[in-house]
Amino acid sequence: MTITAENLAIGYRDRLVGSDLSISLREGESLALLGPNGGGKTTLLKTLLGLLPPRAGEIMLNGRPLSAISVRERARLVGYVPQVHIGTFAFSVETVVLMGRTAYGSLFSRPGAKDIAVAREMLERLGIIHLAERSYTEISGGERQLALLARALAQEPRFVVLDEPTASLDFGNQGKVLHEIGRLTGAGLGVLFTTHDPNHALRAAHRVCLLRDGAIMTEGATSGVLTRDNLEMLYGASVIPVAEGKQVAFLPG
């Protein structure tokens, strides 16, 4: 199963953000989108998810036009974790995760035994089962991000799309999410995520796409794309590579 887009143009009614974008993601691989603020990463994700209509081009999900697939079916195939989510109602964390199961029932139906088991499994998996009865509006931003990831996984999708999943997490929880990306691809899921940290892409991505000013600068295998020259061109800033044995990391200059 694949998600593909050819010659895609993205944006809003009054503003074109990017054009001539071609991108693909297969099951069992992870793709990281890197780029400066305002480069079009979130707009591209929302377009690939069908939350924004493409200005040109078409998105295909396993050979079918995304526009021809119902919202319910999309939810069974693709899970999404937004960059920012502020809860309005004081639902428990477990209830928020259970909302991911509406892909298999309805918004107003009572969750069944399997739904509850899946939700609790995801809470355990991400190490936040102790938050199950806590109000979603009263936990930290990082804890909310983990709860949203658990909700997406509760959909039991084939693809997971993550918009800056580590942005509000502490150092330890960043490692937990990056490890989870590896577990997901190892289980055969496709993962697309955005990040501002090239080291996270080094850790968790099979492929990297560099996006600047609404255009793809380059795309390919992580080790070949993430170079000092490419990163300096992408961000317009100096970059310091740090090597220890075969491990490489990048620091801002």
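In this structure Ile216 satisfies the side-chain contact (heavy atoms from CB on, under 4.5 Å) test together with Leu21, Cys209, Leu211, Glu219, sequence neighbours excluded. Residues passing the side-chain contact (heavy atoms from CB on, under 4.5 Å) test with Ser223: none are found, sequence neighbours excluded. Remark: Ala103 pairs with Ala75, Arg76 by the side-chain contact (heavy atoms from CB on, under 4.5 Å) rule, at least two apart or across chains. Residues meeting the salt bridge (Lys or Arg N to Asp or Glu O under 4.0 Å) test with Arg134, sequence neighbours left out: none. Looking at residues two or more places apart in sequence or on another chain, you find a salt bridge (Lys or Arg N to Asp or Glu O under 4.0 Å) between Glu156 and Arg101. Partners of Glu164 according to the salt bridge (Lys or Arg N to Asp or Glu O under 4.0 Å) rule, which considers only residues two or more places apart in sequence or in another chain, do not exist here. Partners of Met217 by side-chain contact (heavy atoms from CB on, under 4.5 Å), not counting sequence neighbours, listed by chain and number: Leu210, Asn230, Met233, Leu234.
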Contacts under 3.5 angstrom, residues 198-206 side chains, donor-acceptor by atom type, not counting sequence neighbours:
residue	atom	partner	partner atom	Å
Asn199	OD1	Phe250	N	2.8
Asn199	ND2	Asp197	OD1	3.1
Asn199	ND2	Phe250	O	2.9
His200	ND1	Thr166	OG1	3.2
His200	NE2	Gln174	OE1	3.1
His206	ND1	Ser30	N	2.9
His206	ND1	Ser30	OG	3.2

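When only modelled atom types and interatomic distance are considered, Thr95 and Tyr136 share no side-chain donor-acceptor pair under 3.5 Å. Between the side chains of Ser135 and Thr137, at least one donor N or O lies within less than 3.5 Å of an accepting N or O.
Put simply, the side chain of Ile59 does not reach to within 4.5 Å of the side chain of Pro65, judged on heavy atoms. Using a 4.5 Å heavy-atom threshold, the side chains of Leu34 and Val208 count as touching. Contact check for Ile3 versus Phe159: side-chain heavy atoms found under the 4.5 Å cut-off. The side-chain heavy atoms of Val93 and Glu143, taken from C-beta on, include no pair separated by under 4.5 Å. For the pair Leu33 and Leu192, the minimum side-chain heavy-atom distance is below 4.5 Å. Val118 has its side chain out of reach of Asp115: every pair of non-hydrogen atoms, C-beta onward, lies at least 4.5 Å apart. Two residues are said to be in side-chain contact when any heavy atoms from C-beta on lie closer than 4.5 Å; Leu8 and Pro54 meet this criterion. When side chains are defined from C-beta on, Ile23 counts as touching Leu44, because their heavy atoms get closer than 4.5 Å.
Screening residues 91-100 for salt bridge (Lys or Arg N to Asp or Glu O under 4.0 Å) gives Glu94-Arg120 as the qualifying pairs, with residues at least two apart or on separate chains. Pairs passing the side-chain hydrogen bond (donor to acceptor under 3.5 Å, both in side chains) check and including a residue from residues 45-65, sequence neighbours excluded, read Arg64-Glu73. Applying the side-chain hydrogen bond (donor to acceptor under 3.5 Å, both in side chains) test to pairs two or more places apart or on separate chains, those with a residue in residues 232-244 are Arg228-Glu232. Listed by first and then second residue, the salt bridge (Lys or Arg N to Asp or Glu O under 4.0 Å) pairs that reach into residues 1-16 come to none, sequence neighbours excluded.
Separation of atoms CZ (Arg26) and OG1 (Thr185) is listed at 12.5 Å; rounding is to 0.5 Å. Between atom CG of residue Asp20 and atom CD1 of residue Ile10 there is a gap of 11.5 Å, rounded to the nearest 0.5 Å. For the atom pair OG1 (Thr218) and CZ (Arg212), the distance works out to 14.5 Å, reported to the nearest 0.5 Å. Atom OG of residue Ser67 and atom CZ of residue Arg74 lie 7.5 Å apart, to the nearest 0.5 angstrom. His179 NE2 to Asn173 CG: the interatomic distance, rounded to the nearest 0.5 Å, is 13.0 Å. To the nearest 0.5 Å, atom CZ of residue Arg158 and atom OG1 of residue Thr2 are 13.0 Å apart.
Under a 3.5 Å cut-off, the side chain of Arg144 and the backbone N or O of Ile139 do form a donor-acceptor pair.
Transitive grouping of hydrophobic side chains (ILVMFWY, heavy atoms separated by less than 4.5 Å) keeps Leu25 and Leu184 in distinct clusters. Taking hydrophobic clusters as Ile, Leu, Val, Met, Phe, Trp and Tyr residues chained together by side-chain heavy-atom distances below 4.5 Å, Val97 shares a cluster with Val160.
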(request) Report the C-alpha separation of Val191 and Leu162 in whole Å, then their side-chain angles, then the decisive distance to 0.1 Å, and conclude whether the side-chain contact (heavy atoms from CB on, under 4.5 Å) test is met. (result) CA-CA 8 Å; Val191 180; Leu162 310 165; 4.0 Å; yes

(request) Decide side-chain contact (heavy atoms from CB on, under 4.5 Å) for Val177 and Leu146; before the verdict, give the C-alpha distance in whole Å, the side-chain angles of both, and the deciding distance to 0.1 Å. (result) CA-CA 8 Å; Val177 169; Leu146 292 172; 3.7 Å; yes

(message) Quick one, Val225 with Arg207, criterion side-chain contact (heavy atoms from CB on, under 4.5 Å). Give me CA distance, side-chain angles, the key distance, then yes/no.
(response) CA-CA 8 Å; Val225 169; Arg207 292 190 296 120; over 6 Å; no

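When all heavy atoms of Ala119 and Leu98 are compared, the pair lying nearest together is CB-CD2, 3.7 Å.
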